[in-house]
Amino acid sequence: MSMAKTEKSAAASAAAPGDTSPNGSAAPELRYNPAEIEARWAERWAAQPDLYAAEPHSSPRPKYYVLEMLPYPSGVLHMGHVRNYSIGDALARYMWMQGYNVLHPMGWDAFGLPAENAALKNNTPPRQWTLQNIAAMKRQMNRVGFSYDWQTEITTCLPDYYRWNQWFFLRMFERGLAYRKKSKVNWCPQCATVLANEQVVNGCCWRHEEQTVEQRDLEQWFLRITNYAQELLDDLAKLEGWPEKVRTMQRNWIGRSEGAEVAFELEDWSAVPEDEEKARKGTAILPPRTVAKGMGTKIAVFTTRIDTIYGATSLQLSPEHPIVRQMCAMNAPLEEAVAALLEQQRKAREAGDVGAIEKHGVFTGHYAFNPFSGERIPVWVGNYILTDYGTGAIMSVPAHDERDYEFAKKYDLEIRVVVLPRRPGDPEGEPMLPFTAEDSLLINSGDFSGQGCQEAQHKMAAFAQEHGFGKPTVTFRLKDWGISRQRYWGTPIPMLYCEKDGIVPVPDSELPVLLPGNIEITQQGGSPLARVPDFVNATCPKCGGPARRETDTMDTFVDSSWYFYRYCDPRNDRAPFDSEKIAYWFPIDQYIGGVEHAILHLIYSRFWTKVMRDLGLVRNDEPVERQFAQGMVIRNGAKMSKSKGNVVSPDEMIAHYGADATRMYSLFAAPPDRDLDWQEDGVAGISRFLARVYRFLMKHGGRGSEARAAHGSAPAQVSAATQALQRKLHQTIRKITQEYAGRWHFNTCIAAVMELVNTLTAAEPQIAAGEVPDAVLADVLRSLTLLLAPFAPYLAFELWEHLGQTGNLLRAPWPKFDEALAKEDQIEIPVQINGKLRAVICVDADAGEDAVRDSALASEKIAAALAGKEVVRLILVPRKLINIVVR
RNA sequence: GCCCGGAUGGCGAAACUGGCAGACGCAGCGGACUUAAAAUCCGCAGAUCCGAAAGGGUUGUGGGGGUUCGAAUCCCCCUCCGGGCACCA
């Protein structure tokens, strides 16, 4: 039989993947047909529900919990999902092969607004719409071949999940961690609901980028995340396996500021305001401690620069400060002016640039006393003073704060320097105001003059505390988490309102509070549940009288704050989970998702874990050991979106090139933490590569498998081709194994596999000539299949079987590399003269320095280049290079 | 304004600790096979200059300076792009 001829005709007839043109002369065994292979394996995998199941927590294997962020079931898988899950899947498969007991679950973040919008649009009930989408996306995920254990699947919109949201809420309520208060809330008219601070982006709704968020006063439920602000901040230091970027973002979000609170006493209410012009300048120093003139009303300010308090020349209050309200009540012109300031604030917020608001203010006509100096200073209202940070009031120190300086210039307020406007050692000169640096000395500051700023900060705060008008304090930017949503498709908040007993929690025995099924979704504002009498009308568990149910539902971020615990015990109907199972699986070893969740989801999750720990449910302080933020998938330089028309559908890619090529390209095109520019030609390239591998194994795999029995009895004398092949194999295994342990640069792993295949195909003549022992060939092909398995599982399973392997590929041990076999025996050493490459010499890998030097100097090119030059110095870096410095 | 990233051929990228810049792939060019095309296989390939060629020179990692025998990599300054925060007192 003419082997060459067979090969030729087969190669000639190999069709492109997706090429549907009939080709009668095809040799089917040599043609890579991903559609056929993948369909066959998908069917086989589907028939094995335990294929990806984790072993119980009694397993002797070390555990590994790898998790990808659960998706919202929009109905279509997009490329970002494919990339995210391909990373997790490669890792899960690798860890299985490394012998770990792997938990690799998937679920659905299934509550949320789109279901209600879809209901309005298509007249489909949210539940039905959501469950249909889940089915569709699950089908797509299985088509890609992700290794999820569907037996642990969770769906947050089903009562067996959300009842535990309610249960947790009740536990928090019992501990005062859930409370109700009236507050100004962010309201999105399009969503017709409240948004958390975290969901407001540039003053607009996170879902409706064009929609300005309004402010409304509503009674809302809050979770006291601020109780954990300090711990959330402190524990960031422990999260060494998290991207620095994510930790920084959280640190900024928590926004801890150390400073002091100081109370300024208001001058007697009844004092007649002087005329405004005079008032502005009214900073005449009164005798110290003229508190007799005070009236007992105090205005607390928060400052990080108490050391500059002798330079305070006015107080600035937020337009919404309670005292301002009182002042306005007896002063109509002031009320009008304050209303104007409020309006400016509102407009700025709606324009999304609170930071750029033009500063305006108004003098209230009142004065307050500086508790340190006793000085009488005017009280103003400023539109740049935030209501909900600190105390909503500040002391204005124009000389040492940029904002205060700007304001004082505009309104001609006194600017008094109390910090030497230069550092020790700086040349004297005109002060550059405002001077905000803290590494200087106080002046004009009573007994504190001459002290360093930072020293004075501590001493002055302590002084204030001793004398009862202040104290050191810490302020956080983080605010409590408002979770009430005036929506239907969410977890009902398990609370009742009884006329007699007030706010009453639903007893545990009555959980879950079920979301009613038949409800008409309309565009009216307010909670849809309020329009369902059967839902609203309830009985008070305390008095048995009539009660009204809470009709708001929970923010969906509640659902995703603890879902990963439920995967460990998904069907438990007595508790959210068995704590022993959690103790085994937690913390999550590796969490993978988009950086867009760096703040919201990841901070809520950390908070929830700490609450659960304090409830005695879990022992871990943090949910996630290592976090990975993958880059976005973009195309033509922009994020994929319908409006830009640059969306690539995974379905189309898979139909054309196969799932293996699609997911492998998503790992090859860029390192996983960087943005990935999708180029379809690249997918075609991967597909070609897989076809090469397939063809090679179809041709030579059989021979290798027959020789398995002879494995280990390789001849003592190996050919150069054999040695080169083995060397490349072991270098590749080493490289890839190191990447998994380190940076996860799967792009270079795949490149390494390509190089291995290039080496293999280059050696094809020698292999065909029998110069490579079958045992070696079998080892190479077997290892190649294993290396490929995490990236292209369908093809790997197919090849595994073709190689005659009978064990489960998923649990086949990851190949081990042998340093001795990976070692090069000859290495190339670049030789530079004055840092410029002049020659490359080839030496024995273990040649001594003298031998290498001699060899370099003996090189013709080097000898020629050195002629007539004086060698000043010779640098030899073993195994790296030689640099000869000449004159 | 502040805090993170990033910038390397025509393109995606590689070079992990300062040591041959451009691995691997895409697109391209040349060749083999073919009646032809596709597919496949082999080869070339940063730019520029000299040379018929073999080969060689110069230059080159956003820009400018510096440290070093040697810099994509370290230091200083600047530009541009992406992201986060933003009157947080």
Side-chain angles (χ1 to χ4, degrees), chain A residues 7-8 10-16 19 21 23 31 202 243-249 251-253 255-257 259 301-305 316 348 353-357 359 382-386 388-391 393-397 401-404 406-407 475-477 595-596 598-599 631-632 634 637 665 668-671 673-686 688-689 691-692 695 738-739 742-743 745 747-755 758 761-762 764 828-837 839-840 861 872-875 877 879-886:
Chain A
E7 279 175 34
K8 204 182 279 179
S13 63
D19 183 353
S21 62
N23 192 329
R31 181 172 156 241
N202 289 333
E244 193 49 52
K245 179 183 175 138
V246 172
R247 293 202 282 172
T248 304
M249 282 165 74
R251 202 172 291 122
N252 292 341
W253 189 263
R256 182 184 197 270
S257 284
V301 304
F302 173 71
T303 175
T304 54
R305 291 299 305 276
Q316 297 288 337
D353 54 350
V354 183
I357 191 173
K359 289 182 180 52
N383 67 352
Y384 68 106
I385 307 303
L386 301 173
D388 51 4
Y389 181 78
T391 59
I394 64 152
M395 63 178 201
S396 177
V397 185
D401 182 281
E402 283 177 26
R403 296 150 300 183
D404 295 344
E406 186 190 334
F407 190 87
T475 294
F476 292 93
R477 210 189 77 111
V595 74
E596 66 272 19
I599 298 173
M632 281 189 305
I634 58 177
Y665 174 74
F668 178 67
D673 51 348
R674 248 204 255 180
D675 286 353
L676 183 163
D677 199 275
W678 193 270
Q679 295 182 0
E680 191 170 334
D681 285 341
V683 189
I686 295 289
R688 272 199 291 274
F689 166 71
R692 280 177 70 203
R695 275 195 306 274
Q738 284 169 354
E739 282 294 341
R743 308 179 305 172
H745 281 199
N747 54 331
T748 61
C749 293
I750 293 167
V753 179
M754 288 172 168
E755 285 187 59
N758 289 346
T761 49
E764 203 165 359
E828 291 186 329
I829 302 282
V831 183
Q832 298 179 336
I833 292 176
N834 286 349
K836 293 199 178 187
L837 183 68
V840 177
K861 284 181 192 166
V872 180
R873 198 173 154 187
L874 190 143
I875 288 129
V877 185
R879 301 183 60 83
K880 293 272 192 200
L881 107 172
I882 293 174
N883 189 13
I884 304 166
V885 186
V886 301

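These numbers come from a predicted model, not from an experiment. All values below come from the heavy atoms of this structure, side chains included, with hydrogens, waters and symmetry mates left out.
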Is the shortest side-chain heavy-atom distance between [X] and [Y] below 4.5 Å?
{"X": "A:Thr304", "Y": "A:Phe302", "value": "yes"}
{"X": "A:Arg692", "Y": "A:Thr761", "value": "yes"}
{"X": "A:Ile394", "Y": "A:Asp404", "value": "yes"}
{"X": "A:Asn834", "Y": "A:Val885", "value": "yes"}

It should be established whether [X] places a side-chain nitrogen or oxygen under 4.0 Å from OP1 or OP2 of nucleotide [N].
{"X": "A:Ser257", "N": "B:A89", "answer": "yes"}
{"X": "A:Tyr389", "N": "B:A89", "answer": "yes"}
{"X": "A:Arg879", "N": "B:G19", "answer": "no"}

Could you tell me the separation between the [atom1] atom of [X] and the [atom2] atom of [N], rounded to a whole number of Å?
{"X": "A:Met754", "N": "B:A23", "atom1": "CE", "atom2": "C1'", "value": "12 Å"}
{"X": "A:Trp253", "N": "B:C3", "atom1": "CH2", "atom2": "P", "value": "19 Å"}
{"X": "A:Asn252", "N": "B:C2", "atom1": "CG", "atom2": "P", "value": "14 Å"}
{"X": "A:Arg256", "N": "B:A89", "atom1": "CZ", "atom2": "P", "value": "12 Å"}
{"X": "A:Met632", "N": "B:G84", "atom1": "CE", "atom2": "P", "value": "9 Å"}
{"X": "A:Glu755", "N": "B:G22", "atom1": "CD", "atom2": "C1'", "value": "13 Å"}
{"X": "A:Ile634", "N": "B:C11", "atom1": "CD1", "atom2": "P", "value": "15 Å"}
{"X": "A:Ile385", "N": "B:A89", "atom1": "CD1", "atom2": "P", "value": "12 Å"}

Legend entry - Watson-Crick or G-U wobble mate for B:A7, both contacts under 3.5 Å: B:U79
Partners of [X] by side chain to side chain contact (heavy atoms under 4.5 Å, CB included), sequence neighbours excluded?
{"X": "A:Ala598", "result": "A:Val246, A:Met249, A:Val595"}
{"X": "A:Val840", "result": "A:Glu828, A:Leu837"}
{"X": "A:Ile833", "result": "A:Arg838, A:Ile862, A:Ala865, A:Leu866, A:Ile884, A:Val886"}
{"X": "A:Asp681", "result": "none"}

Touch class at under 4.0 angstrom, heavy-atom based, for [X] against every strand present:
{"X": "A:Glu244", "value": "nothing"}
{"X": "A:Glu828", "value": "base"}
{"X": "A:Glu739", "value": "base"}
{"X": "A:Asn834", "value": "nothing"}
{"X": "A:Leu874", "value": "nothing"}
{"X": "A:Phe476", "value": "nothing"}
{"X": "A:Arg674", "value": "sugar-phosphate"}

Would you mind telling me which of [options] lies closest to the side-chain atoms of [X]?
{"X": "A:Ile599", "options": "B:A89, B:G25, B:C85", "answer": "B:C85"}
{"X": "A:Val885", "options": "B:A14, B:C85, B:C69", "answer": "B:C69"}
{"X": "A:Ile875", "options": "B:A89, B:C69, B:A13", "answer": "B:C69"}
{"X": "A:Asn747", "options": "B:C24, B:A89, B:A14", "answer": "B:A14"}
{"X": "A:Arg688", "options": "B:U40, B:A89, B:G25", "answer": "B:U40"}
{"X": "A:Arg743", "options": "B:A14, B:A89, B:A15", "answer": "B:A15"}
{"X": "A:Phe302", "options": "B:A89, B:C41, B:G19", "answer": "B:A89"}
{"X": "A:Arg477", "options": "B:G19, B:C24, B:A86", "answer": "B:A86"}

Apply side chain to side chain donor-acceptor pair (under 3.5 Å) to [X] and list each qualifying residue two or more places apart in sequence or on a separate chain.
{"X": "A:Glu739", "value": "A:Lys735, A:Arg743"}
{"X": "A:Glu755", "value": "A:Lys728"}
{"X": "A:Glu680", "value": "A:Tyr657"}
{"X": "A:Glu406", "value": "A:Lys359"}

[atom1] gap between [N] and [M], integer Å:
{"N": "B:C85", "M": "B:C77", "atom1": "P", "result": "27 Å"}
{"N": "B:G9", "M": "B:A14", "atom1": "P", "result": "13 Å"}
{"N": "B:A72", "M": "B:C20", "atom1": "P", "result": "9 Å"}
{"N": "B:A89", "M": "B:C4", "atom1": "C1'", "result": "24 Å"}
{"N": "B:C78", "M": "B:A71", "atom1": "P", "result": "24 Å"}
{"N": "B:U59", "M": "B:A21", "atom1": "C1'", "result": "13 Å"}
{"N": "B:U58", "M": "B:G1", "atom1": "C1'", "result": "45 Å"}
{"N": "B:C50", "M": "B:C2", "atom1": "P", "result": "50 Å"}

Inset, instruction - Using the closest heavy atom to pick a nucleotide of RNA chain B for each, name whichever of A:His745 or A:Lys880 lands nearer the 5' end. - result: A:His745
Inset, instruction - Could you say whether A:Ala752 or A:Thr391 is positioned toward the 5' end of RNA chain B, judged by the nucleotide with the nearest heavy atom to each? - result: A:Ala752
Legend entry - Minimal non-hydrogen separation, A:Tyr665 against A:Asp677, with atom names: OH-O, 3.4 Å
Legend entry - Shortest non-hydrogen separation from A:Thr303 to A:Met395 and the atoms involved: OG1-CE, 3.7 Å
Legend entry - Heavy-atom protein contacts under 4.0 Å, nucleotides 55-60 of chain B, coded B base, S sugar-phosphate only, - none: -SSSS-
Inset, instruction - Would you classify B:G9 as syn or anti? Syn applies when the glycosidic angle is within 90° of 0. - result: syn
Legend entry - Near-strand residues of residues 678-686 of chain A, defined as heavy-atom separation under 4.0 angstrom from RNA chain B: A:Gln679, A:Asp681, A:Gly685
Legend entry - Side-chain donor/acceptor of A:Asn883 to base of B:C69, under 3.5 Å: yes
Please write out each protein N/O paired with an N/O of nucleotides 65-68 of chain B under 3.5 Å, distance rounded to 0.1 Å.
none

Legend entry - Results of ring pair (Phe, Tyr, Trp, His ring centres under 6.0 Å) for A:Phe407 - residues two or more places apart only: A:Trp380, A:Tyr384, A:Tyr411
